[in-house]
Each structure stands twice: as C-alpha cells, then as structure tokens.
Amino acid sequence: MTVTFRLNGEDYRFRDDPMTPLVDILRQERFLTGTKAVCREGFCGACTVHVDAEAVPSCLKPVGLLEGCEVVTIEGLSAGHQALHPLQAAFEAADAVQCGMCFPGMVMSLSAFMRDNPDASRADIKAAMVGNICRCTGYERIVDTVADCLAQQLHTAKVAGGAGV
Amino acid sequence: MAQSMERSFIAAGSIEEAVASRMVGAVVLAGGTWLMRDPLRGVELPEAVVTLHRIPFLSEVIIDADHMVIGAGVTHEALGKALRGIAGFEALVGAAEGAANPGIRRVATIGGNLCSIDFAEADLAPALLACGAAVELETTSGAKRIDIADFLNDRRALLEQAILTKILLRRDLIASAHIRLPLRKAGDYPVAIVSMALDADKCCRIAVGSVEPVARRWTALEQAFAGEPGGFPRDAERAAALAAEHNDFQGRDGTEAEGWYRLQVLPVLVKRGVAALRATEGLA
Amino acid sequence: MSEASATVMNLPRRDAQDKLRGRTKYTNDRARPDMLHAVLLRSTVPAGRIVRLDASPALACPGVRAVATGADAPGLYGIGITDHPLLAIDTIRYHGEPIAVVAAETEEQARSALAAIILEIEPLAPVLTMAEALEPSARLIHEDWRGYEVITEGGARTGNIAWEAKSSRGDVDAAFARPDVRIVESSFSVGRQSHVPFEPRVAIGSWEDGRAHIQTSTQVPWTVRNVTGRVMQLPPGRVRVTVPPVGGGFGLKFDASIEPITALLARMTGRSVMLENTRQEEMATCLCRENAEIRIRSAVTAEGEIVGREAVVLMDCGAYGGEQVFLTTMTAHTLGGNYRVGATRLVSRAVYTNTPPNGAFRACNGVYNTFALERHTDEICDFLGFDPMEFRKKNVLGDGDLGPTGQVFEDDVLGPMLDRMETLRAKTGTLEAKADGRLYGMATTVGTWFVFTGPSAATVNLNADGSATLVTSGVEIGSGTMMQSLPQIVAGQLGLSPDQVIVREADTDAAGLDVGVGGGRTTVSIGAASISACAEVKEKLLRAAGEMLQTRPEDLVLQGGRVEISGRPGSGTTIPAVVAHAQASTGPITGSGAFTAKNTPAMAGCAMGHFIDALDIPVFVVHEAEVAVDPDTGHVEVLAYRVVQDVGRALNPRAVMGQIQGGVVQGLGYALHEEVTITADGRIAQDDFETYRLPLAGDVVPVVADLYEGAPSLGPLGAKGAGEVPILAVGAAIACAVSRAIGKPVRQLPLTPPRVLRLLHDREPQPDFPHIAPGWATNTLG
C-alpha cells in the first residue's frame, strides 16, 4: 500500500505495510533518529512528533492513518542553521539536558503545549508532562525552564502589544 | 519493520463499507493506541484492518437541549474539550481528561476505549455507566441501540458482527464525578475508579471500574443511597460508611495491586465522589 | 587568577544543542542499511539442562548470515570469579538467559529464524529466593563452582554463596554482654530497582584488519575490551572499543553484557552487526540493583553510646556473581558507616538464585544499607527514648573515629552537615500545613558513600591554534563530567577557556586504561590524571616560552590564552606562538598523566574478602524529607526534600545541583514507586513502562540543596564525585518519615500505596529471615 504525507515540509511517499508505526519509518527509512523509540507503547513520550500540529506519540501511529497529514519531527522544528526554538535555547541555557534522550520528545510535546497554553501554571506544565518521562534530571529544571519561557513569551507579547504592533 | 506480506488496510468511506469489512474479518482500527501495542506482547497485528477516520459523523459531538451524541471516533481530548463546562457531565470530562497521558488522549478514541475488551482500567466505561449512556452499533441490518452495561458485558460477541458508532446520553444529570486512583499522581492506569452521577430526582447512579475485569454499576450502593433519609447520604462520611457496608466486588489481583487493595479504597473514592457531587451541585 | 577561580564556573554543556535538536547519534541511532541485525534466543525457563541445541537450521532461513551458540565463545567472565558464559553452555540459570544468536539482513528475518533453532531443555526446579538457595539441601546453581577461575583472592565461597566479605573489629560478644546495654535488633528487606536508561544496552560490532571493533553504549570500555577478549579467547588487544554518547547508564552499563556477541558475529560474517535489546528484553534481563535482606543488632547504653553492632546482609546476585561479588565489600563502608561504633562485625554474602543476574546501580549497596541503618537508628531511638536528631548529632562519625575495617576518618564532616541542615530548614520552613489532614512525617537521615578511585590515564595535546585535546577513556553518560568538569579542569590548568579544550570520545585504541565511569570517580580520577598530564604540558610550554622570552620558566604564568611574566599582565606572548616555536624546535607539546587509588589502609585483620579495605575519599550526605500519607489509600506525597551534600569542592555548582535533583528523584522512585517482583517461573514481572512505574513530573518536588565544601579529598582542587551520591539516603529519609507519619515500623521498600495501606491495617508481614541464623558467626564461612 502507498501512503503519502508531508514530512518536515516535503512530500514523502511510503510503500509498504500501512500498520508500520511512524517511528520506525522516521528512524529506519529516513534516518531521522532524533525521534527516539524508547518504550514503544505511548508511556515515555520520547517519540513525540507533531501530526497536523498536534503532539502525538509516533510509536502507536500506524502510517496508514497519515495519508495527507503534515508530520514534523524534532529535526524539522529547527532545521539546518535555523535558530533553535525558544524552548530549545532555554533548555540549553539552563543546563537542563543530561543524557538527552528524552529531550527531543520533551521539546516536541512542550513546544506545542506552550503554543496552546500561554498562561499555563506550573501545575499545568507538570500535567502536560505526564507522558514525557525523564530518567536523569528529576524534571524540576525542565518545568522551571518552560515556566520561564512562558513568562518571556507573555512579556514579549505585551511589549509588542504595547508598541501597537 | 514493515512486513512484506500484503496487509488489507481499508480506510472506509462509509459506515456500511466498514461493517462490510468487519463482516469479512477486518479488525477495526481506531486511534491505534491499544492495537499497536500487540506486537510487543507477542500478538501479531491483524491481517485485515478497517479504519473509521474518514467517516465524518464518527468524529462529531452533537449537543442539543435534551440529548447528546458522541461519535465513537472522538478522541479523549476532543471529548474533554467539547463537554467542559456542560453541567452534569463532569464525570465524562474527568475521565476524558484524566486517562493515560496527553499524547495518548489526542489519539485514543472513546470507541477504542470501550471496545478494548481486556482493558479493565478503561476510564470512560464507568463514567458512561454512571451517566446512563446507551450505545449505537451499526450492523448489516441497520443501527441497533443498547444500554452501555449490556454492551460492556456482551461486547465480545456483539463486536463480531457490528461496529460501535455512537454513544448516546440524556441531558438529565445535575452533577457527576469521576474519581480515579492511579498509584502515581497520574500516568498509570487507575487501580480503582468510582464514577457517580446524580439526576434532577436525586437518583444516583454509581459505577466502578478497574476493580473487576469489566466495569459495572454498584447497584447495592445505589439502593443504600436511595434508602437514606432524603434519598441521599447526608454527607460524604456517611456515603463512605455505606460503601464499606455494601462492598460486593471481587477485586482483581494484578501486578500493580492485589484485590484487597482495590476493595479497600472504594469507600474513600465514594466519599470523594459524593464530596465532588455536593461541591458541583451546591448541596453542601 | 587562582587555580580554583580559573576552574570553578557554571559552564553549560557543549553537547546540549545537538541533543536538543535530535542530532546526537547515540549507539542505537547508528544502524546503517548495510548492517546485519542480531536477535537472541532466550530461555523461557528459569533453570534447566540443555539436552539438545542445534542452531544450524536457522542458517537456511531467509536473510540469515550467521548463528552462534555458547560453543562459539566458550570463555567465562566475571568479577572476582569467572562464572558467566556469554551464551548459556549446557545449563540454563535464569529466565531470559541468552542461548543462541542469529544475525540476518533485517531484525524481522533474524527474529523469524529463531524458531528454526532446535532446542530441548530439561527443566529443573528453580531456586528463586535466597532462603531457598541457602537451605543445606539446595540444588547448586553452579555445580562447578570450585572450578571457576578466581581473579581476586580472599573471598570465602561455597555452593550457592558466590562470595562472602567480612569485617570485624573489637570484641563484639563482650560488647553485647555488657550489663549496661540494651540490644535492639531489626530486619529489613528490599526489592530490586531497574535502571531504565532510555538507551537500552546496544552494540555494533565489526571486524577490521583482524581485530574486533565494538561501538557500544557502555560505562566501561576497558571492561568490554577485556571481557570480549576473554570470551572469544583473543588477546584483549585485538579488541577496540569506542563509545558514542550514552543515553543513560546509572550503573547498568558498568559491566559487559551483549557486546562480545556482536564481535563474534562480525568475525563470522565480515559484516557490521548491531544487537539492541528490546525494551522488554532490557527490563526482563536488567542487571538490577539487587534485592537484599538485612539483619542488624546493636548494643546501646542508656547514654546513647553504640558499643557493639553486628549485621548479616544477604545480596541476591541472581544467576551469576557479577557486580554483587565486588559489592559485598561495600557493606562495611555503608551499613558500617555513618556512626561511631565500639566493636563491630559485619558479613555480606552474594547468593546465587535462578533469577536474572543483578548488577551495579548508582550508590550500589549503599542505598538499601543506608535505609536499613537509618531505620534501625530510629528504632534504637524509639526503643531507648532518644531524640533521633540529638542521637545522630552525638554519634555520627567525626575526626579520628574508626570504621568497621579500622579505617581512621579525618575531620568532622557529618556533624557540621547536620547543623547546616537545621540552618537550611530554618530558611525554607516546613510544610506540615500542606499535609491537609493526612498523616505527616519528617525525618533527617545521614549516609556514607565514597569515590571509587582506581586507575585512569589522560593525554593532553596542545595545538598550534591554542586549543588542547584531552584524550581519555572517559565516557559521557549524561552526567556532564566529560562536558563540564574535565574541560574546566584542563582549561584551569593551562590558562585556556574551556571551549578551547577538545574532549576526545572514549576509544581504547587512543587512550590508556580506565576502570570506567561510575562510583562518582570520573571528575576525581580522570580529573587527577588530566592535571598530571597538564603539568607535563605546562612544564614544556613554559620551558619553550622561557627560551622565546628570555625569562626563567618559574617566572612565567599561563592565563587568558597567554604566557605572561608573573605580575605583568599583558606581557609575554600567546600560547599559539609558543606552541609554534616548540613544534619547530623541540616538537609538539604533549603530556600524559596517570592516577590510581591511594589504597588507604585498614587495620590488620579487620577486612576479609574485600576489594576495597578502606575508603580513599569518603563522601557524606544529610537528607531530610517531609511526607504526607493518605490513611485511606496509602499514597505518600513528598512535600519537601532537603539535601546537604559533601562535595569537597563544587567545580560546576549548577551541574551538581542538576545531579542532586536527578539522583534524589531516582531515589524517590526506589523508595515509593519502582517495584520489581519475581514470578513463580522466575521472570521479572514488571518488564514494561506500564507496570514499572518511574516517577513522573507530578510525583516530584524541587530539591533544596546546600553544597558542603571543604571536607578532605584527594580529588582535583579538593573535588569529590557529586553525581552518584544524591540517591544514597533517599530510601532512608522517606522510610523514616513515613514510619513516623504512620506510627508503624517501616522495614521494606518500596512504599507503594498498597504496601503502606497494608502497614496501616497491620496486614503487611514484617521481614523474618529463618535462613539467617541467630548467632552471627553461624552466618559466615569461618
């Protein structure tokens, strides 16, 4: 069977078993290894990608359901020499990363969350992270960074608003 | 990765087409969050799959003055969003917004939740039992409506010949609550769930999930509530005492908790449920 | 600028950006289309004899390029004793044990071909618990235990006891017989903990110019090199190990496991072969933190002096001795730590069972022995009516006190740290109000750990562009040592900025021996070796600069990328100019350095069967937890967590804080959520993320930490390893706090809600060990 979808802004045509999980196509066919296959059953969040702008686990997504969809992976979030997403930049500046294997998924989940929840509280951020496990950091620095990033985002919006932009 | 065998994968354009595929053995693929775990458990994926995502009405939530219809393909996230703030359906919102984790809730559907037969911990099952839902199945001989309880008990046989399409609810509830008890704050399947709903006549339906293999109504406790002065326990403490007295469940033993534990926590879940009902409904 | 001020900084990590962009290639990201994939045939019974094994039919399956069994790599490996085959030979000792391996063009092909392997096993009744294993009539899990090669002498062993270590100091019988003491006895049991690194164990083997090259996700490249040589019966020098960035280790990757299999298959096929555990395999065969059983007795006077103590610690090593053989050593330093004790005798036994082998895990052995010791201390206080904080202040180890092996501790460290905890608590306040009607408890506990020193080597090359290349066998497992403290140390020594220090990925062909990343040792051991390499570089550099500047080398200093005349900022010349001069005159500037353990002595006759008689660098912690327990459901909520940690000197305080938060949270998992149980057929029941519950963001709190600096350390600039120890006393602090909250003795971990509710309802059986004899000496091999 053939399935056609957009992958990081380009058309991609897949010809094989439509029940193949998206994560396997990303990693094994496209070598987009930033998407990590850790638990492969939707608990850890390390394989999170954006499908039609929603953060979803790619391990449980059969490619057959993706016909016509827009898929963005961590590699597509800030490609090539593009600047880091503000959240990525903030994680780097805060020394939040340790082994780093959960972070692509964290970034994909939380970047969508920040877009949709500009006023989120600390508790909201933690609730949004229920499906993103980190074994190294103990989470709090990640939560702090998202909270700081949201505050910055609000501040920027206010300044822009005040300037009448 | 991809197997070379040619798998039948039908994205049905109509419910009739989907039912026809089901009748020749295709397995219904909803969000995929349950089915796609099978290979990890040594279970092969089905040779023929039919998906429902191209059938628009299955993804709709229709709310009118007296009734509500939820398409079986509505995701947990969409369900929570659609019902948030609608009086009486707090239990459904709680179930939809508390299940699993956000990524799964964006993908997993209400139909998939109810049709996963071995999934004792499904959140929506007790919530819909408490809310008095009915379900509609599509069969080769047309649509068929049955009570949610009958569906849950008979679904293995029913789903051989039918596809779950809609969940139907009356808007006669004044308050409901969904109390789930995962072992962590969130993120694991609850070891016990109590859902309760109260209608305008103060009639209270109570359902329990995850304690036994299939969610069911707690009729002994409903009757005990009804037998209280005023037809409802005077406070949450009294409700808990009644729950302890009328605990007629057979707790499942599982890796995460033994049956004793599931039974032991039911009274406090009832207590929290009654407290939530009172808070919602302003009885306090 | 002082050496310290040039080194200490909150340097961010250089690997963060690639990790955040998903560009970092961990070992399991390095599959290539031309690689073969290997899949293991694993035992589905916990014990048995292999009656028939013929893997050759698998060769006829589509895509299969090689098969191998134990006969293809017959050498045995192990720590202390060699008891472990790479693939089972004749005997099955655990459920999940690898028996054969298939390499094929795709993983699916390899997996399908497993079914073609002819295997007949005669099952044996498994020995699943230490109690069963220690029965006099128990079946021997290793029938040929006497025939194993002994690598390290001194341990007593027999039958199902893989190793026994003892320490004994003073007349314990006399202490217990004193008329003025009361005796308190406690028994504890703990389950296993699974590491769950996000990158599972994975390796890629290839055969290059007659040698094996293994790329692997390991903490110990040199162990992988040596074990591969041993099992393949090759000189270890014929094996090269390189280590890409590692996606978490936590001790799991402190031993060789599947790596040699890839080398074996690569030799057979001439192709690169990748072998990666599935998550289920990873969890079902995890070299867990071992389950353990502890009985401890103390003789204490009415004044609160501990005059005698004895303990028996049983450690389940599973089917093979592995790390537990070594870790029997640690009981003397952990259960025997924390407090000044009169006469002491401790015995620690690694016991074979037909269960998956255990291994090393962050603060191995210390985590549960600290739990046992601190709960025992609270039981002493309860029984004798002492205030737990005052009792600890009175009895913690101080300057000149003796450990169980007769080691003399230097300086007062734990006492002042307890005072610092009280200051910290005064600053943060307590959160009893947040208990909101639930049962509230707070506890302060202490812990003793160490830095595992041991050999390290480093080479520093100074380049003509002013950069320096640091070549070691250190591995970046996530803790940041290779990204932060090491470049900081080298930069501080050479007057460079850390971004001018290039850190070479571990390669056993390029760098000298290293015992691996673990035991909090990297900053200390590789750091010290690096300083020694820098000293040689500096000496050569200043000599060359002296020639150029016509100045005596001792009048020159290195700073800001320049060689300057002391006291005259801006004088002299740049380092690149000196390097260029040296390259043309005497040759490139390089230095090499080495470090090893000081081997701090024990008292004669006190330590038997120990791999480490005394601690070169003790590390202490004080942990304090506040908890609220729901009496209706048994849920424990951690309200607050405070740490005072002995860091010697924090080279990168922000990174240390990150290690403390992460380590404490792993400890919270151990204390509250993470449970491993063994099924009747010898499997680990929790082999996925549904049943093995890791702490999630909602389950944790921000840890408030105070870094205690200035305690003695032979580490670089007085540093101590800071990444391993934060997990040490978490089980202890939580257990003591929960015990106080619920008013019941807590003698087991983890404190899952069902267990806590059973404790509250007096339904939880308390540990009772009929297989531990009442007389201490009966539990030893004489």
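Per chain, numbering begins at 1; letters A, B, ... match sequence-line order. Because only heavy atoms are used, hydrogens play no part in the values below, and waters and symmetry mates are left out as well, while side chains stay in.
Salt-bridge formation is detected for the pair R135(A)/E674(C): a Lys NZ or Arg NE/NH1/NH2 atom is positioned less than 4.0 Å from an Asp or Glu carboxylate oxygen.
The neighbour count for R122(A) CZ, taken as heavy atoms of other residues, nucleotides or ligands under 6.0 Å away, is above 12. By the neighbour-count criterion of 12 heavy atoms within 6.0 Å, atom CD of E10(A) is sparsely surrounded, having that number or fewer from other residues, nucleotides or ligands.
Residues Y26(C) and T33(A) have side chains not in contact (no heavy-atom distance under 4.5 Å, counting atoms from C-beta outward). With a 4.5 Å cut-off on side-chain heavy atoms, F250(C) and C136(A) count as touching. A heavy-atom distance below 4.5 Å is not found between the side chains of N10(C) and D95(A). Between P702(C) and Y139(A), every side-chain heavy-atom pair lies at or beyond the 4.5 Å cut-off. Between E75(A) and R23(C) there is no side-chain heavy-atom pair separated by less than 4.5 Å. A 4.5 Å side-chain heavy-atom check between V38(A) and R279(C) finds at least one atom pair inside the cut-off. Q88(A) is listed as a side-chain neighbour of R21(C), based on a closest heavy-atom distance under 4.5 Å.
The part of A93(A) that comes within reach of chain C is its backbone (N, CA, C, O), which places non-hydrogen atoms under 4.5 angstrom from that chain. Only the backbone of A94(A) comes within less than 4.5 Å of a heavy atom in chain C; its side chain stays farther off. If you measure heavy-atom distances from L77(A) to chain C, you find no contacts under 4.5 Å at all. In this structure, the portion of A79(A) lying under 4.5 Å from any heavy atom of chain C is its backbone and not its side chain. Interface residue V246(C): only backbone heavy atoms are found under 4.5 Å from chain A.
Between atom SG of residue C99(A) and atom CD of residue E476(C) there is a gap of 9.5 Å, rounded to the nearest 0.5 Å. Taking SG of C44(A) as the start and CG of D688(C) as the end, the distance is 12.0 Å to the nearest 0.5 Å. Atom NZ of K36(A) and atom CG of N28(C) lie 6.5 Å apart (nearest 0.5 Å). Summarising the geometry, atom CZ belonging to R14(C) is positioned 12.5 Å from atom CD belonging to E92(A); distances are rounded to the nearest 0.5 Å. Atom OG1 of T691(C) sits about 8.5 Å away from atom CZ of F43(A), to the nearest 0.5 Å. One finds the SG atom of C134(A) at 11.0 Å from the CG atom of L696(C) (value rounded to the nearest 0.5 Å).
Counting heavy-atom pairs closer than 4.5 Å to chain A, the top residue among E282(C), H195(C), M483(C) is H195(C). The most heavy-atom pairs under 4.5 Å with chain C, out of A96(A), C39(A), G131(A), A37(A), come from C39(A). For the set S479(C), P33(C), P12(C), A31(C), the count of heavy-atom pairs under 4.5 angstrom toward chain A peaks at P33(C). For the set P245(C), G247(C), A655(C), A16(C), the entry with the most heavy-atom pairs within less than 4.5 Å of chain A is G247(C).
No side-chain donor-acceptor contact under 3.5 Å links Q661(C) to the backbone of T137(A).
Across every non-hydrogen atom of L20(C) and I74(A), the tightest pair is O-CD1, 3.4 Å. Between F198(C) and M101(A), the shortest heavy-atom contact is CB-CB, 3.7 Å.
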Test side chain to side chain donor-acceptor pair (under 3.5 Å) on Q98(A) and Q659(C); report intermediate values, then the result.
CA-CA 9 Å; Q98(A) 290 188 27; Q659(C) 288 300 307; 3.1 Å; yes
Between V703(C) and E140(A), does the side-chain contact (heavy atoms from CB on, under 4.5 Å) criterion hold? Intermediate values first, please.
CA-CA 9 Å; V703(C) 176; E140(A) 293 291 340; over 6 Å; no
